[in-house]
Number of protein chains: 2
Amino acid sequence: MTQQTPMDMMKCCPIDNTFKIIGKKFTVHIIRNMAMHGQTRFNQMLDSIEDSNPKTLSARLKEMEKAGLIARNVYDETPIRIEYKLTKKGKDLQGLLDQMATFSMKHYSKEVFKDGKQHNYKQVFKKPVTVLN
Amino acid sequence: MTQQTPMDMMKCCPIDNTFKIIGKKFTVHIIRNMAMHGQTRFNQMLDSIEDSNPKTLSARLKEMEKAGLIARNVYDETPIRIEYKLTKKGKDLQGLLDQMATFSMKHYSKEVFKDGKQHNYKQVFKKPVTVLN
DNA sequence: TTACTTACTTCCATATGGTAAGTTACAATT
DNA sequence: AATTGTAACTTACCATATGGAAGTAAGTAA
């Protein structure tokens with residue numbers, strides 16, 4: 001009887017696939033700001049995402065909407081208001097963000113924390129690391 | 001008594017910091033091939049990483065060595081042999097890779113799996129998702 | 001002497017990203 | 001009536017990053 005390896009059942013690599021979705025500049029920053037700071041608007045993100053610029057932010061938001069990570073809602077007020085919100089799929093990237101945070105908190109505590117000491121995720125965020133299974 | 005928020009204790013964002021380390025093209029692919037396929041050599045990776053090219057692969061390996069994710073060992077044989085191996089720090093990215101895999105397995109089963117059906121991480125990899133806390 | 005191997009580097013073209021300024025559609029202010 | 005303000009972008013132009021093909025170095029084998 002032959003053994004079934006992961007490679008045998010896969011058409012493409014899920015890690016490569018995820019990288020194509022979230023690997024471009026600002027994508028994870030956008031998700032972070034929406035998930036952790038409740039941001040919904042273009043200029044909020046532009047002002048708070050490290051080294052962001054309107055051209056690239058605009059491109060990323062479009063790609064993310066197309067990929068189904070966020071939804072774009074237009075409110076016809078004056079001035080116009082547009083709200084971006086995470087979809088269920090976008091929210092499912094929380095575990096990935098948590099692992100990104102955890103890695104730097106463990107290996108770069110000098111750069112990350114003002115006191116330069118190690119702190120674990122739960123201590124800092126008051127909730128356990130999210131895991132998607 | 002004032003409440004301590006994550007922002008208050010941080011000097012820089014750990015998600016941004018991690019993205020700077022693993023966000024460039026091929027970095028996660030290199031770690032994946034080393035961790036999951038036991039690869040150690042330049043040409044092995046060049047042949048198996050999707051759309052890789054020697055110039056960018058070479059640049060990435062140097063950056064990763066500098067960042068302490070991998071170690072480079074030269075064996076003075078003929079022809080010369082060079083081995084790249086994950087450091088402890090590099091191995092600590094496993095939880096992140098697992099979350100990347102899990103996300104696509106959940107949301108892109110049609111693209112990822114030959115049978116187009118959903119499968120969970122443990123089923124496919126015969127071990128639970130790794131989590132760094 | 002030519003060919004082969006590994007692990008790259010170099011050159012040049014294309015793709016992506018960044019800066020600053022401009023645009024649209026109103027409404028409020030002067 | 002003309003100017004100012006606001007949000008959310010877009011455009012033009014330049015800089016940097018990435019990709020593909022070919023070349024290099026050092027040694028063994030044919």
Side-chain angles (χ1 to χ4, degrees), chain A residues 13 15-34 37-67 69-86, chain B residues 13 15-34 37-67 69-86:
Chain A
C13 170
I15 293 175
D16 177 62
N17 189 70
T18 297
F19 186 76
K20 282 179 181 144
I21 295 163
I22 57 120
K24 296 175 92 170
K25 218 170 175 182
F26 307 136
T27 305
V28 298
H29 297 81
I30 291 168
I31 297 168
R32 175 200 64 186
N33 281 25
M34 294 174 90
H37 307 308
Q39 292 186 356
T40 56
R41 303 179 66 173
F42 190 90
N43 285 328
Q44 283 180 333
M45 303 191 218
L46 189 60
D47 292 343
S48 55
I49 292 175
E50 303 89 320
D51 302 308
S52 67
N53 63 276
K55 177 187 170 175
T56 313
L57 181 60
S58 171
R60 241 14 43 96
L61 288 167
K62 276 181 194 167
E63 293 163 14
M64 292 171 72
E65 196 198 352
K66 204 170 169 188
L69 300 178
I70 59 174
R72 181 181 191 268
N73 292 301
V74 182
Y75 295 90
D76 210 339
E77 305 168 355
T78 291
I80 195 169
R81 184 166 62 91
I82 290 170
E83 262 196 24
Y84 295 97
K85 286 195 173 175
L86 286 172
Chain B
C13 170
I15 293 175
D16 177 62
N17 189 69
T18 297
F19 187 77
K20 282 177 181 145
I21 295 163
I22 56 120
K24 295 175 90 170
K25 217 170 175 180
F26 306 136
T27 304
V28 299
H29 298 82
I30 292 168
I31 297 168
R32 176 199 64 187
N33 281 25
M34 295 174 89
H37 307 306
Q39 292 187 356
T40 57
R41 303 179 68 174
F42 191 88
N43 285 330
Q44 282 180 333
M45 302 192 218
L46 189 59
D47 292 341
S48 55
I49 292 175
E50 304 88 319
D51 303 307
S52 67
N53 63 275
K55 178 189 171 175
T56 314
L57 182 60
S58 172
R60 238 21 36 96
L61 288 166
K62 276 181 194 166
E63 293 164 14
M64 291 171 73
E65 196 197 352
K66 204 170 169 189
L69 300 178
I70 60 174
R72 181 181 191 269
N73 293 301
V74 182
Y75 296 91
D76 209 337
E77 304 168 355
T78 290
I80 194 169
R81 185 165 62 92
I82 291 170
E83 260 196 26
Y84 295 97
K85 287 195 171 174
L86 285 173

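Just so it is clear, the model here is predicted, and its values are computed rather than measured.
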Residues forming a salt bridge (charged side-chain N to carboxylate O under 4.0 Å, His left out) with [X], sequence neighbours excluded:
{"X": "R81(B)", "answer": "E77(B), E83(B)"}
{"X": "E65(B)", "answer": "none"}
{"X": "K25(A)", "answer": "none"}

Inset, instruction - Considering only heavy atoms of chain A and a distance under 4.0 Å, specify the first and last nucleotide of DNA chain C in 5' to 3' order that meet this criterion. - result: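 Span of nucleotides near chain A: dG17(C) to dA27(C).
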Tell me the closest heavy-atom pair linking [X] and [Y], and the distance in Å.
{"X": "F19(B)", "Y": "H29(A)", "value": "CD2-CE1, 4.0 Å"}
{"X": "D16(A)", "Y": "K20(A)", "value": "OD2-NZ, 2.8 Å"}
{"X": "F42(A)", "Y": "L57(A)", "value": "O-CD2, 3.6 Å"}
{"X": "I21(A)", "Y": "T27(A)", "value": "O-CG2, 3.8 Å"}

Return the value, rounded to whole Å, for the distance between atom [atom1] of [X] and atom [atom2] of [N].
{"X": "M45(A)", "N": "dC9(D)", "atom1": "CE", "atom2": "C1'", "answer": "13 Å"}
{"X": "R81(A)", "N": "dA8(D)", "atom1": "CZ", "atom2": "C1'", "answer": "13 Å"}
{"X": "I49(A)", "N": "dA8(D)", "atom1": "CD1", "atom2": "C1'", "answer": "15 Å"}
{"X": "I82(A)", "N": "dA7(D)", "atom1": "CD1", "atom2": "P", "answer": "12 Å"}
{"X": "D47(A)", "N": "dT6(D)", "atom1": "CG", "atom2": "C1'", "answer": "13 Å"}
{"X": "L57(A)", "N": "dT11(D)", "atom1": "CG", "atom2": "P", "answer": "16 Å"}

Inset, instruction - Check every strand shown and say whether Y84(B) touches a base, only sugar-phosphate, or nothing at a heavy-atom separation below 4.0 Å. - result: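 The answer is sugar-phosphate, as Y84(B) gets under 4.0 Å only of primed atoms, P, OP1 or OP2.
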Legend entry - Atom CG of N73(A) with >12 non-hydrogen neighbours under 6.0 angstrom: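 Yes, because the 6.0 Å sphere around CG of N73(A) holds more than 12 heavy atoms from other groups.
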Inset, instruction - Tell me which of N43(B) and K62(B) sits closer to the 5' end of DNA chain C, going by the nucleotide each one is nearest to. - result: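 Comparing both residues, the 5'-ward one is N43(B).
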Legend entry - Salt bridge E63(A)-K66(A), side-chain N to carboxylate O under 4.0 Å: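 No, no charged N to carboxylate O under 4.0 Å.
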Legend entry - Carboxylate-amine/guanidinium contact E50(B) R32(B), below 4.0 Å: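 So E50(B) pairs with R32(B) through a salt bridge.
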Legend entry - Position toward the 5' end of DNA chain D (nearest nucleotide), R60(B) or R41(A):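 Upstream on the strand: R41(A).
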Inset, instruction - Classify every nucleotide of nucleotides 19-30 of chain D by which part a protein heavy atom approaches to under 4.0 Å, writing B for the base, S for the sugar-phosphate alone and - for neither, in 5'-to-3' order. - result: BB------SS--
Legend entry - Residue from M34(B), R60(B), H37(B) passing side-chain contact (heavy atoms from CB on, under 4.5 Å) with M45(B):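 In the set M34(B), R60(B), H37(B), the residue that makes a side-chain contact (heavy atoms from CB on, under 4.5 Å) with M45(B) is M34(B).
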Inset, instruction - Find the bend of the helix from dT1(C)-dA30(D) to dT30(C)-dA1(D) as the angle between its two terminal axes (five pairs each), to the nearest 10°. - result: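 That helix has its two terminal axes inclined by roughly 30°.
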